[in-house]
Structure formats: structure tokens, C-alpha cells
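Note that the coordinates shown come from a computational prediction; the quantities given were computed from them, not determined experimentally.
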Amino acid sequence: MHLIEALILILSSFALLIFPESRIVFQMAIFGGTVIAIHIFYRLMKYPNLVRFGNIACFSMLFGYVVSTAGYTVINLVFYGEVSYTQNVFGLKYFQSDVSHGLLIVIATSILLSAISHFERPLFLAYFMRIGLTMRSLWVIGVSSAIIVIGIINGDIGYMGIYSESGQRLSPLGALCYILVPPLTTITMAFLFEPSIQPRKFKKFILPVCAVLVIALIPLGRRVLMYTLMLFLILLGPNAFKGFLKSRNKTFHFIVILLSTSIILIWGFRAFYAMRITVNNMAVKEKPPIMEIVPYFVDMLQDSYALAEVHEKLIDNISERPFVLSYLAGLIAAQQKKDTPLFGELRHAIVMAIPSVLYPKKNTETAPASEEFIHQSLGLPVFDGPNTIVTAGLNDLGLMGIVIYPVGVVCTYSLLCRVIMTNCPPFLFLFIVSRLMYSLLFLEESFGALVGSGLRDLFIVALFYWILLKAPSRDFAFGRIRKLYE
């Protein structure tokens, strides 16, 4: 973040503090923050040395809360002619001042995260991209893709994520696939544009794998698709500006990449929502496996009236869903009257990370979601809210938790990668970093996925990859990596 951008955000924070009831000040803050967030993302792509967990978390906070609110504002003004910041689909009660205070703390935290990034080491993703693709890593990509296909066919993963094996217990194969799909998709797509990769037969193998992974990605949800494509653009980095086409115009290459990504995103959104309507029309109590949805989905795509319904309902959904700041504002307002359990979210994340084999009564003695005990303590109805690391910090430690939890996670991730960088096969390091970056980008990822079960599953997959790669401890690439820190 440039100094001028930080100053603009600081001035916006002071304005929100002085005029919390002003809608004009609030809207100026969100649109100013949106421009800054877009510029931060552009710089993350263009300058690989800026790709650090602090900057990723900074962008994630601004995008998840500020840019989404700006999008919510524009969509409602364009399609409905008005916008309300004090009414939401969750039925929470709060005032404009609560929304402004929530935005203020989010902006302040993003500034702090950007400042912390100056004390981090770069992740050297461009370097690992150049040396990460080998015959062994190709074999790992092929095996992983086969596991994902088996998971889809078997019904362990599909529409809107992973499925339960029995009750609340998740299928191990489904959990494995959910960890694999986003980072593996971004890495294989980025390999296609890596000019240093030779021979070309490597890319001929990767291309059909990419197609399979993108198709597998779409049913998982719009946000999963969106944040995966964002991660792809960051991982692609300067290669987005290089001559992979006949033209030498760097701007032309960048525009082609953005347009291609946007087309995948738009059609992915439409396909997912068409799938959602298909599932609703099937009138089933639980989410059906993807293989059961496909025949109905194909019939729907051939119905012009059904496609018009998809477009209409997608607009209605987008006009409400992006305003995740409303949930944070509702929690801030509720906590002015009642308190939540100290470290309740953290304890829940740790308990849910314990395997059911070691804790057989976990599913009966522990709430499946933190909303069940957090909302009850606040006197709120229990519903599936847009939980983030920000709301987790607020629920555990109050307003200071909004700052402490994101900073703690960023420092943990940075330290973890610092430790494993010199002792990890290049492809495995790419995978671990990509997964951690995805978790930070996906702001609505549960707190447990950030520090609990998510890290547990990532460790299992990393161990599995290590065995497959069978990399010697004194590989020549490792020696070159160590020189980066000497």
C-alpha cells in the first residue's frame, strides 16, 4: 500500500469516526476504499515481491467488506433505485453508526496488515513457479486430479462443497478434495502461462487437467470460483504482462487475461446458480450428489424460460448477498448489550479439528457451527451468517479481536512458510502457500478452516504430497532456495 493510499484510508477512518450517521461519508469511504483495493490487487499481480501474507490479508479485508459493499450499493441503485444499509436478509437490528464503526475498524485493520507486510519476507512465488514443474510434480497433479474425479463420482464432493458421511461427520475423501481443488487449479492454470517451462508436452498434459479442475470448481460455489481465479491472477503475476501471444503489447496481454478470467467467472456464476435452481426444483431435503444433478441441469440449459429465471434470480441474490458488512454491524450492535464467551470461536475451532476417532462424542457434545452458541449468547436467531476472521475476533475479544485475530493468523502463516521454505520440495511449497493464500483471500472462510481443521487437513495433504514426491533432502533446487535467505 502506497503512503498516499494509507493516508486516504486514515482520513476516511477519521471521517467515519466523526460522522458515523452520514451516508455520504460512508459511501465516499467505500468507493475510495474500492479504488485502493483494485490498485493493491493490480500491484500484487505486477510486482511479485509484494506477494506477502500481510498484503494478501489487507486486500482480502478491503475486498470482502469494502468492495462488496460498493457493489451492493451500485447494484441496488441501478436495479431498484435505492439502497439501504440498515436492513438485511438476516433480520439483525443495527443503525448506520454501527455500519460505519464496523467499516472503520476494517479499514484500520487493513492498514495495519499492510504495514506488517513490510516486515515479512517475499514468498518468491515466481521463482518456485519456474522450478516447480517436474516429472514428479506432473505425476502428483495427475494423481490429485484422479482423486478429485473419484470424489465427484462417489458423491463426496459436489454442489456447494463437501458432504457428510453420517450425521455431521465429513467424508475424509470429501475433505481431501476440498483442500486440493482451489490451489491445484490455480497452480496448473498458472503453469500454462509460465514461459520457462519446457518441453511443451508438459503443457499439453496440463491443459486437459485444467479443464477438469475448472469444471470441478464451479459446483463448489460462486465465492470459491471467484477467489480461486483471484489467486490464479496473483500466482500468474508478471506473466500476465508477458508475450504468450504474438503481440508484444503488454497491456494487450493483460487485458486478454482479465477478459478470459471474467468470462469464466461470469459463466461460472450463471452455471452455479442454474445448478442451485435445479436442486431446488428437485425438492430434496439434502444436497444431492453432483452426478444426480447433471441430467436435470442439462435439461434446464435447453429451456429458454428457465435460463431467464436464472438471470432474474441471480440479480436478486447479488443485490443482497454481498453486503456482509451488515452481519458485522449487527454483531457490534448486539455486543453493546450482551457478552459472548471468551475465546469461544477459538475453542470451537480447536475442538472441531480433533478427529472423531480421538473424540467420538464430538458431534454430539459440540455445536456444528459457532453461530449456535454465539447467537444464543447475544439473543439472536440462529442462522448461517457470513462468518469471517473479523467476526471471530469480535466474538472472542471484542473490538480489539478484530485487529488481533487477522494479525495473529498472518504472523502464523508467515512464520510457517519461513520455516518450511528451505526444506520443502518446490511444488509442495507452491501448494501450501497457494492454499494459505486462498484461505486468506476467502474472507468468509470459517475461523476453523483458518486455524483448525483447515490446517489439519492441509498438513495431511502435505504429508501425502511429500511421500509422492519423494524429494531428496539435498536436491539442487533446495540449495538455490537457501541462497535467497543467506
Legend entry - Validation row: V66, F31 side chains within 4.5 angstrom (heavy atoms): no
Inset, instruction - With the side chain counted from C-beta on, respond yes when L62 and T34 share a heavy-atom pair under 4.5 Å apart, and no when they do not. - result: no
Inset, instruction - Drop me the distance from H375's NE2 to D384's CG, to the nearest 0.5 angstrom. - result: 9.0 Å
Legend entry - Close side-chain approach of E120 and V410, heavy atoms under 4.5 Å: yes
Inset, instruction - Could you list the residues that satisfy side-chain hydrogen bond (donor to acceptor under 3.5 Å, both in side chains) with S144, not counting sequence neighbours? - result: Y465
Inset, instruction - Please confirm whether the backbone N or O of L469 pairs with a side-chain atom of R136, one donor and one acceptor, at under 3.5 Å? - result: yes
Inset, instruction - Hey, could you give me the CD1/CG distance between I432 and L458, rounded to the nearest 0.5 Å? - result: 6.0 Å
Inset, instruction - Using a 4.5 Å cut-off on heavy atoms from C-beta on, say whether the side chain of L50 contacts that of I40. - result: no
Inset, instruction - Compute whether any side-chain donor of one residue and acceptor of the other, for T388 and E444, lie under 3.5 angstrom apart. - result: no
Legend entry - Donor on one side chain, acceptor on other, Y85 and Q27, under 3.5 Å: yes
Legend entry - Interatomic distance, T228 atom OG1 to R223 atom CZ [nearest 0.5 angstrom]: 12.0 Å
Legend entry - Identified side chain to side chain contact (heavy atoms under 4.5 Å, CB included) partner of F128 from the options P425, P426, C424: P426
Inset, instruction - Only counting residues at least two apart or in another chain, list the ones meeting ring-ring contact (aromatic ring centres under 6.0 Å, His included) with Y227. - result: F442
Inset, instruction - Check ring-ring contact (aromatic ring centres under 6.0 Å, His included) between F447 and all other residues, then give those that pass, not counting sequence neighbours. - result: Y405
Legend entry - Contact check, side chains of F459 and V461, non-hydrogen atoms, under 4.5 Å: no
Inset, instruction - Measure across E345 and I374 and return the closest heavy-atom pair with its distance rounded to 0.1 Å. - result: OE2-CG1, 4.1 Å
Legend entry - Gap between atom CZ of F205 and atom CZ of F191 - 0.5 Å precision: 12.0 Å
Inset, instruction - State whether the side chain of S60 and the backbone N or O of I56 hold a donor-acceptor pair below 3.5 Å, judged by distance alone. - result: no
Inset, instruction - Check whether any side-chain heavy atom of S434 lies under 4.5 Å from a side-chain heavy atom of L231, and answer yes or no. - result: yes
Inset, instruction - Measure the spacing between CG of L123 and OG of S414 and express it to the nearest 0.5 Å. - result: 7.5 Å
Inset, instruction - Output all residues satisfying side-chain hydrogen bond (donor to acceptor under 3.5 Å, both in side chains) with S117, sequence neighbours left out; order by chain, then residue number. - result: N55
Legend entry - Close side-chain approach of L450 to L455, heavy-atom, < 4.5 Å: no
Legend entry - Shortest non-hydrogen contact between S145 and V209, atoms and distance: OG-CG1, 3.1 Å
Legend entry - Inter-residue atom distance L77.CG - E82.CD, 0.5 Å rounding: 9.0 Å
Legend entry - By ring-ring contact (aromatic ring centres under 6.0 Å, His included) - contacts of F59 (at least two apart): F41, F63
Legend entry - Validation row: L113, F53 side chains within 4.5 angstrom (heavy atoms): no
Inset, instruction - For V78, check side chain to side chain contact (heavy atoms under 4.5 Å, CB included) against everything at least two apart and list the hits. - result: V74
Inset, instruction - For residues F431 and I179, report the shortest heavy-atom separation together with the two atoms involved. - result: CZ-O, 4.0 Å
